[in-house]
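First comes the structure, then the notes that go with it.
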Amino acid sequence: MAADIILGSCCYESKEETERAIQLALKHGYDKVRTMLFKPRTDKNSFQGFGLDKLPELLELQAKYPNITFVIEIMSIEDDEILFKSGLKYIAQIGARNAQNYALLKALGSYSGRTYLLKNGLAMTTIEFLKTGEYLNPNNNHIIYCFRGVRSVSDNLRFTPNIGSMLEFIIQMENSPNKYDICFDPSHIAGDRVYVNTLAKVGLACGANMLEVEVHSDPDSAWSDSAQTISFKQFEDLVNIVNNF
Ligand code: PEP
Ligand code: MN
């Protein structure tokens, strides 16, 4: 079966841009769209996301597109509670920076029947990543383990693909009773859109059954991570790669 793709801009920008991403997703049979209301940023002066102010817009989009699941990075358990109580259909993403936020991991792990997308920390070993997932999963949650690269020595890529770790991980998880997916994030690894589709092939070759990709209708004007964000045209090429893999 062809790999699934989560797509959308780095941060939530507007209802219009999100609707364009939703339509692109639906056109190709995908149903998970990035809508990052919260953005952890290295520079405190960079845009930090609209936060819950834009939740009403997501609920309007949900009403119009009931089959869409929104992927939203969670920075605090309080925000997650509000999102959950709103009835929004979403996957909570735990980003690289929060992969060692044990208070958040434990709080999310106290729920059951949820789907979480967990990214590896910037220098996490395979076992550390596996153990992080266990915090989220005492109660039969579905975990999407997302390999988003690690800090290493590459001159051109923003991060180094942690594909060795991904291979180890897949072998270690072979007999796991838990529900999980292996996702690969070529966008944050690349840092530059010219590498994204080739990296996606690397991820698929190493066993990913899902990709998370930053896509924008006008990538050069994306509010964050513009350089690594691909156009709708490049996304169409990626869909062809995935379907013919
Ligand atoms: C993201 O996917 O928006 C993101 C911030 O990724 P990471 O946590 O891997 O840096
Ligand atoms: Mn990003």
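Atoms within a ligand are numbered from 1 in the order they appear, just like the ligands themselves. Atoms considered below: every heavy atom in the structure, side chains included; atoms not considered: hydrogens, waters and symmetry mates.
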Tyr65 meets the ring pair (Phe, Tyr, Trp, His ring centres under 6.0 Å) criterion, sequence neighbours left out, with none
Do Ser187 and Glu214 have side-chain N/O donor and acceptor atoms under 3.5 Å apart? no
I'd like to know if the side chain of His188 pairs up with that of Glu212 as donor and acceptor (distance under 3.5 Å, no hydrogens or angles considered).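 There is no such pair (donor and acceptor under 3.5 Å, judged by atom type) between the side chains of His188 and Glu212.
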Centre-to-centre under 6.0 Å for Trp223 and Tyr12, is that the case here? no
> Taking the six-membered ring where the residue is Trp, are the ring centres of Phe50 and Phe38 under 6.0 Å apart?
Replying inline: no
Here the side chain to side chain donor-acceptor pair (under 3.5 Å) pairs for residues 196-211, sequence neighbours left out, are Asp181-Asn209, Asn197-Gln234
Exercise for the section: Return yes if some donor-acceptor pair links the side-chain N/O of Arg34 with the main-chain N/O of Ile72 below 3.5 Å, else return no. Expected result: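 It does not hold such a pair.
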Any protein N, O or S atom under 2.8 Å from the Mn ion (ligand 2)? Found Cys10 SG, His188 NE2, Glu214 OE2, Asp225 OD2
Charged N to carboxylate O under 4.0 angstrom, Glu128 versus Lys131?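 Salt bridge flag = no for Lys131 with Glu128.
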Open item on the list: I'd like to know if Asp80 and Arg114 make a salt bridge, using a cut-off of under 4.0 Å between side-chain N and carboxylate O.
Closed with: yes
By chain and number, the residues contacting ligand 1 below 4.0 angstrom (heavy atoms only) are Arg34, Lys39, Glu73, Gln93, Gly95, Ala96, Arg97, Lys119, Arg148, His188
